[in-house]
Amino acid sequence: MLWIKSLHIVFVASWFAGLFYLPRIFVNLAMVPADSTAERDRLLLMARKLYRFMTIIAVPALGLGIWLWAGYGIGWGPGNAWMHAKLTMVLLVMGYHHACGVMLKKFARGEQRHGHVWYRWFNEAPVILMLIIVCLVVLKPF
């Protein structure tokens with residue numbers, strides 16, 4: 001079980017690294033001057049590759065988490081309401097990941113609707129989600 005837990009942590013950390021960095025690329029994309037197509041194309045290429053990597057890394061992160069939960073029974077039974085809260089947060093992380101993909105497609109089509117400040121605030125969501133998830137797992141408050 002410790003190997004599964006260790007791999008789960010590594011894949012989750014790698015996934016979150018992408019979730020932290022992709023919105024930073026969005027900030028830079030939002031600041032690209034209209035006449036700077038080379039810079040825009042380079043940032044879009046970086047964003048696409050990162051999103052692809054993040055999606056690939058999310059699969060084992062989620063799969064190993066399910067293995068720990070369903071296979072080893074972590075979070076089952078009375079006194080484990082923290083796991084329901086954690087799973088809710090994981091669903092929010094998955095939604096955030098999906099939202100990043102939608103935004104990337106809009107950037108590629110030239111349909112950016114927000115300014116760079118909005119993307120800077122958007123970039124804070126995974127930090128808050130990770131903080132909540134780690135506190136739930138470590139502290140098991142309920």
* **Worked check of side chain to side chain contact (heavy atoms under 4.5 Å, CB included) between L131 and V127** => CA-CA 6 Å; L131 177 67; V127 175; 5.6 Å; no
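Closest non-hydrogen pair, I25 versus L43, comes out as CG2-O, 3.6 Å. Of all heavy-atom pairs spanning M94 and W15, the tightest one is CG-CH2, 4.0 Å. In this structure, P23 and G18 approach most closely via the heavy-atom pair CD-O, 4.3 Å. Between L68 and K5 the shortest heavy-atom distance is CD1-CA, 3.8 Å. Closest heavy-atom contact between A30 and Y119: CB-CD1, 3.9 Å. Between V93 and F16, the closest heavy-atom pair is CG2-CZ, 3.7 Å.
Residues satisfying the side-chain contact (heavy atoms from CB on, under 4.5 Å) test with S6, not counting sequence neighbours, are none.
Under a cut-off of 6.0 angstrom, the local environment of CH2 in W121 is sparse, with at most 12 non-hydrogen atoms contributed by other residues, nucleotides or ligands. By the 6.0 Å contact criterion, NE2 on H98 is open, its count of non-hydrogen atoms from other residues, nucleotides or ligands being 12 or less.
With rounding to the nearest 0.5 angstrom, the CZ atom of F26 is 14.5 Å from the CZ atom of R120. If you take CG on L129 and CG on L91, they are separated by 11.0 Å, rounding to the nearest 0.5 Å. To the nearest 0.5 Å, atom CE of residue M1 and atom NE2 of residue H8 are 12.5 Å apart.
At a threshold of 4.5 Å between side-chain heavy atoms, the hydrophobic network of Ile, Leu, Val, Met, Phe, Trp and Tyr places V12 and V134 in one connected group. Linking Ile, Leu, Val, Met, Phe, Trp and Tyr residues whenever their side-chain heavy atoms come within less than 4.5 Å places F11 and F20 in a single cluster. At a threshold of 4.5 Å between side-chain heavy atoms, the hydrophobic network of Ile, Leu, Val, Met, Phe, Trp and Tyr places L44 and V102 in two separate groups. Using a 4.5 Å cut-off between side-chain heavy atoms of Ile, Leu, Val, Met, Phe, Trp and Tyr, with links allowed through other members, M103 and L45 fall into different hydrophobic clusters.
Taking the six-membered ring wherever Trp is involved, the centroid distance between the rings of F122 and W118 falls below 6.0 Å.
Residue pairs meeting the side chain to side chain donor-acceptor pair (under 3.5 Å) criterion with at least one member in residues 122-142: none, sequence neighbours excluded. Residue pairs that meet the side chain to side chain donor-acceptor pair (under 3.5 Å) test with at least one member in residues 27-46, sequence neighbours left out, are S36-E39. Every pair passing salt bridge (charged side-chain N to carboxylate O under 4.0 Å, His left out) that includes a residue from residues 94-119 is listed here, sequence neighbours excluded: R109-E111. Here side chain to side chain donor-acceptor pair (under 3.5 Å) pairs that include residues 71-95, with residues two or more places apart or in two chains, are N80-W82.
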Give the table of side-chain donor-acceptor pairs shorter than 3.5 Å for residues 46-65, with sequence neighbours excluded, one pair per line with atom names and distance.
| unit_1 | atom_1 | unit_2 | atom_2 | d |
| --- | --- | --- | --- | --- |
| Y51 | OH | H97 | O | 3.4 |
| T55 | OG1 | Y51 | O | 2.9 |
| T55 | OG1 | H97 | NE2 | 2.9 |

